[in-house]
Participant: 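I'd like to ask you about the structure that follows.
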Amino acid sequence: GQAPLSFGESAMGGILSITTRTPGTPSMGARAGIGSFCAYFGDADASGRAGRVRLYLGVHGLSSVGDFPYLNNMGTNTNAADDQTVLRQNDDVEQADGTFRAAIDLRGRRTLSLGLIGFGRDQGLPGPNLAQTRFVRFATARALGYLHYESRDDLGPNGRLDAQLFFSAERDHFTDPGELSDGV
């Protein structure tokens with residue numbers, strides 16, 4: 001269907017709405033891992049209750065150097081004599097993201113909740129085979145938040161009032177010191 005206004009231009013093709021349970025059950029978790037090409041990741045999450053307030057916090061980080069070997073045909077698809085195995089450079093990535101949710105049960109059958117999601121990524125853009133880059137970068141940051149009020153008391157018996165306020169912010173930054181724009 002059409003994109004909801006609350007997500008703005010970020011949802012041009014529509015969105016999937018996934019609603020997770022409201023936090024509250026006490027839990028904690030953490031994990032970490034490593035992978036090929038100096039890839040590392042780690043995340044941690046915690047949820048619990050403080051009186052009537054239910055909380056959840058989750059953070060995640062990822063880093064990879066890249067620099068993997070690949071066969072470069074040097075732009076000559078039919079001449080295998082000049083093919084070379086070289087390292088793909090400038091394909092590193094650093095990413096961090098997090099989620100915060102809080103909900104408070106108000107008097108009656110009312111709930112006020114807040115959610116924040118943030119994401120940041122910085123990565124190299126290696127370029128095509130013939131125009132390998134060393135300094136071209138792309139960085140992006142996104143944030144989405146909401147404040148949600150729900151009541152089954154405000155409109156009388158069998159009534160339900162549901163109001164949400166959304167906000168979003170984004171920033172993209174492309175850096176090319178002339179490697180792609182001058183070479184193409």
Side-chain angles (χ1 to χ4, degrees), residues 1-33 39-64 66 90-106 108-127 133 135-155 159-177 180-181:
Q2 71 185 50
L5 292 175
S6 56
F7 291 94
E9 65 188 40
S10 297
M12 204 160 71
I15 64 162
L16 292 176
S17 177
I18 300 172
T19 304
T20 59
R21 289 180 292 160
T22 303
T25 305
S27 69
M28 293 181 87
R31 62 187 188 128
Y40 303 96
F41 79 89
D43 55 46
D45 63 85
S47 66
R49 183 180 286 271
R52 296 182 313 171
V53 178
R54 294 169 284 154
L55 300 166
Y56 171 82
L57 176 64
V59 294
H60 177 262
L62 166 73
S63 174
S64 177
N90 194 37
D91 59 344
D92 63 307
V93 64
E94 301 282 335
Q95 177 178 311
D97 52 81
T99 302
F100 173 77
R101 291 185 64 197
I104 184 167
D105 297 321
L106 304 171
R109 296 183 303 168
R110 297 178 178 101
T111 303
L112 183 63
S113 57
L114 169 74
L116 303 169
I117 299 170
F119 168 87
R121 181 179 184 113
D122 181 50
Q123 66 188 72
L125 299 176
T133 67
F135 304 109
V136 178
R137 313 266 325 147
F138 180 72
T140 186
R142 306 256 190 278
L144 178 66
Y146 69 86
L147 183 62
H148 180 216
Y149 175 77
E150 183 176 12
S151 170
R152 297 194 183 267
D153 288 341
D154 292 339
L155 298 178
R160 179 177 178 194
L161 175 63
D162 195 326
Q164 293 189 27
L165 174 66
F166 289 93
F167 73 88
S168 66
E170 61 184 83
R171 181 177 190 276
D172 295 330
H173 184 73
F174 175 73
T175 304
D176 178 7
L180 282 178
S181 58

Participant: What's the shortest heavy-atom distance between Tyr146 and Phe167, and which atoms?
Facilitator: N-CE2, 4.4 Å

Participant: So, are Asp172 and Arg142 salt-bridged, with charged N and O less than 4.0 Å apart?
Facilitator: yes

Participant: What's the shortest heavy-atom distance between Arg160 and Leu155, and which atoms?
Facilitator: O-CD1, 3.5 Å

Participant: State, without any angle test, whether Arg101 and Thr99 hold a side-chain donor-acceptor pair at a distance under 3.5 Å.
Facilitator: no

Participant: Roughly how far, to the nearest 0.5 Å, is the CZ atom of Phe119 from the OG1 atom of Thr140?
Facilitator: 6.5 Å

Participant: Between Thr133 (side chain) and Leu125 (backbone), is there a donor-acceptor pair under 3.5 Å?
Facilitator: yes

Participant: With a 4.0 Å cut-off on N to O distance, would you call Arg31 and Asp45 a salt bridge?
Facilitator: no

Participant: Report yes if the side chains of Phe41 and Gln95 come closer than 4.5 Å at any heavy-atom pair, otherwise no.
Facilitator: no

Participant: Determine, for Asp97 against Arg121, whether the closest basic-nitrogen to carboxylate-oxygen distance falls under 4.0 angstrom.
Facilitator: no

Participant: How close do Val136 and Asp176 get, heavy atom to heavy atom, and via which atoms?
Facilitator: CG2-OD1, 3.6 Å

Participant: Starting at OG of Ser113, measure out to CG of Leu147 and round the result to the nearest 0.5 Å.
Facilitator: 7.0 Å

Participant: Is there a side-chain contact (heavy atoms from CB on, under 4.5 Å) between Arg54 and Thr25? Walk through the geometry before answering.
Facilitator: CA-CA 8 Å; Arg54 294 169 284 154; Thr25 305; over 6 Å; no

Participant: Which atom pair, heavy atoms only, marks the closest approach of Gly145 to Leu116?
Facilitator: CA-CD2, 4.0 Å

Participant: Measure across Asn90 and Phe135 and return the closest heavy-atom pair with its distance rounded to 0.1 Å.
Facilitator: ND2-N, 3.9 Å

Participant: Using modelled atom types only, decide if a donor and an acceptor are shared between the side chain of Ser47 and the backbone of Pro26 within a distance under 3.5 Å.
Facilitator: no

Participant: Between Ser63 and Glu94, which heavy-atom pair has the shortest distance, and what is it?
Facilitator: OG-OE2, 2.9 Å

Participant: Sub-3.5 Å donor-acceptor pair from the side chain of Arg152 to the main-chain atoms of Arg109, do we have one?
Facilitator: no

Participant: Measuring only between side-chain heavy atoms, which start at C-beta, is Leu165 closer than 4.5 Å to Tyr149?
Facilitator: no

Participant: Quick one: pull up CD in Gln123 and OG in Ser64 and give me the separation to the nearest 0.5 Å.
Facilitator: 11.0 Å

Participant: Strictly distance-based, threshold 3.5 Å: is any side-chain N or O of Asp92 a donor or acceptor partner for the main-chain N or O of Gly66?
Facilitator: no

Participant: From Ile117 CD1 over to Phe100 CZ, what is the distance, rounded to the nearest 0.5 angstrom?
Facilitator: 12.5 Å

Participant: Once you round to the nearest 0.5 Å, how far does CG of Leu114 lie from CG of Leu55?
Facilitator: 10.0 Å

Participant: Roughly how far, to the nearest 0.5 Å, is the CD atom of Glu150 from the CG atom of Leu106?
Facilitator: 11.0 Å

